[in-house]
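For reference, the structure is listed below as structure tokens.
Here, residue 1 is the first one in the sequence, and each next residue gets the next number.
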Amino acid sequence: RHPLATFFHLFFRVSAIVTYLFCDWFSNSFVACFVTILLLLSFDFWSVKNVTGRLLVGLRWWNQIDEDGKSHWVFEAKRVPAVAASTEAEARIFWLGLIICPVIWTTFFFSTLFSLKLKWLALVIAGISLQTANLYGYIHCKLGGQKTISRVTSRLFGTADVPKRQSRRISEGGTEEHGKTGTR
């Protein structure tokens with residue numbers, strides 16, 4: 001069980017949302033509110049990407065640049081034979097937090113756009129970007145842990161065969177890595 005990781009998985013996300021909603025009550029300074037929320041979003045991105053994803057669901061993703069300057073995305077899924085009930089609850093909390101928060105920030109985007117509070121638009125776009133990047137990475141980890149992504153996309157789009165741009169490695173810690181190579 002990882003109660004501290006579960007707490008921080010939700011703490012930074014919820015804190016950024018609450019601060020965004022009530023920042024005008026506590027401060028008249030737009031810059032202070034902007035910086036505070038952006039810091040909370042950054043702390044959330046880092047903690048979810050580097051700590052809570054690995055501890056709560058056994059998934060991790062990152063980007064590597066090789067000597068030739070090519071970008072390689074690596075999606076790692078830990079092989080776990082049996083999941084305990086407490087770990088299953090933590091996994092549900094992880095995925096709910098990962099999915100619901102980008103939806104909330106997207107709602108903030110339309111609210112900000114239609115109310116013409118354009119000074120907050122950059123912050124809301126940063127919130128959407130950071131939250132969606134983590135969601136995208138972990139969805140690729142989850143899909144890669146069950147099937148190769150090329151098989152999933154070929155079934156989804158009905159293509160004959162997606163080029164073999166996937167690599168699969170088993171590291172020493174019993175984890176399965178799926179790398180998608182190519183330039184971005």
Side-chain angles (χ1 to χ4, degrees), residues 1-20 37-65 71-108 125-157 162 165-182 184:
R1 293 183 48 159
H2 304 287
L4 194 61
T6 305
F7 171 76
F8 279 108
H9 176 69
L10 295 177
F11 175 75
F12 291 125
R13 291 173 175 267
V14 173
S15 296
I17 291 169
V18 169
T19 304
Y20 177 79
I37 296 166
L38 196 58
L39 281 173
L40 288 168
L41 287 169
S42 300
F43 292 154
D44 171 62
F45 179 80
W46 182 87
S47 67
V48 170
K49 184 179 173 303
N50 295 312
V51 179
T52 62
R54 186 183 313 177
L55 292 176
L56 299 179
V57 291
L59 302 173
R60 189 170 68 155
W61 63 274
W62 68 92
N63 184 351
Q64 291 179 194
I65 308 290
S71 177
H72 300 276
W73 290 91
V74 181
F75 303 99
E76 181 179 84
K78 191 174 191 179
R79 290 185 181 176
V80 180
V83 178
S86 63
T87 308
E88 191 174 314
E90 289 174 346
R92 283 190 184 138
I93 291 170
F94 177 83
W95 286 108
L96 282 174
L98 203 65
I99 293 169
I100 291 173
C101 288
V103 172
I104 292 172
W105 283 103
T106 303
T107 305
F108 289 162
I125 290 172
I128 292 170
S129 300
L130 291 171
Q131 301 280 322
T132 306
N134 263 333
L135 179 62
Y136 177 79
Y138 283 111
I139 286 174
H140 272 290
C141 289
K142 185 76 171 164
L143 289 177
Q146 297 169 356
K147 302 173 187 172
T148 61
I149 296 172
S150 62
R151 273 194 248 150
V152 172
T153 55
S154 66
R155 285 184 189 160
L156 185 65
F157 297 114
V162 176
R165 293 174 35 156
Q166 303 292 327
S167 64
R168 176 181 252 172
R169 297 181 290 184
I170 304 293
S171 66
E172 294 175 11
T175 58
E176 187 175 336
E177 296 177 3
H178 304 274
K180 182 176 183 180
T181 60
R184 286 198 176 208

* Nearest atoms (heavy-atom pairs only) where Ile65 meets Asn63 -> CD1-OD1, 4.2 Å
* Where is the tightest heavy-atom contact between Cys141 and Ala77, given as atom of each residue plus distance? -> O-CB, 3.9 Å
* Asked: If you look at every heavy atom in Leu130 and Ser42, which pair is closest and at what distance?
  -> CD1-N, 4.3 Å
* Can you measure from CD (Glu76) to NE2 (His140) and round to the nearest 0.5 angstrom? => 16.0 Å
* **Trp46 and Phe12 aromatic centres sub-6.0 Å** => no
* Structure fact -> So OG1 of Thr6 and CG of Leu56: to nearest 0.5 Å the spacing works out to 4.5 Å
* Asked: Do the non-hydrogen side-chain atoms of Leu98 and Val48 ever get within less than 4.5 Å of each other?
  -> yes
* Structure fact -> Scanning both residues in full, the closest heavy-atom pair of Ala16 with Leu41 reads CB-CD2, 4.0 Å
* Which atom names give the shortest non-hydrogen contact between Thr52 and Ala5, and what distance separates them? -> CG2-O, 3.2 Å
* Is there a donor-acceptor contact under 3.5 Å from the side chain of Gln131 to the main chain of Trp105? -> no
* Asked: Which of parallel (below 30°), tilted (30 to 60°) and perpendicular (above 60°) describes Phe11 and Phe8?
  -> perpendicular
* Atom CZ in Arg13, atom CG in Asp44: separation rounded to 0.5 Å? -> 4.0 Å
* **Euclidean distance, Asn134 CG relative to Ile139 CD1, rounded to 0.5 Å** => 11.0 Å
* Asked: Which heavy atom of Phe45 sits nearest a heavy atom of Trp61, and at what distance?
  -> CZ-CH2, 4.1 Å
* Mark yes or no for whether Thr132, through its side chain, and Ser129, through its backbone, hold a donor-acceptor pair below 3.5 Å. => no
* Asked: Distance from Leu55 atom CG to Phe94 atom CZ, nearest 0.5 Å?
  -> 10.0 Å
* Mind checking the OG-CG spacing from Ser15 to Leu39? Nearest 0.5 Å is all I need. => 12.0 Å
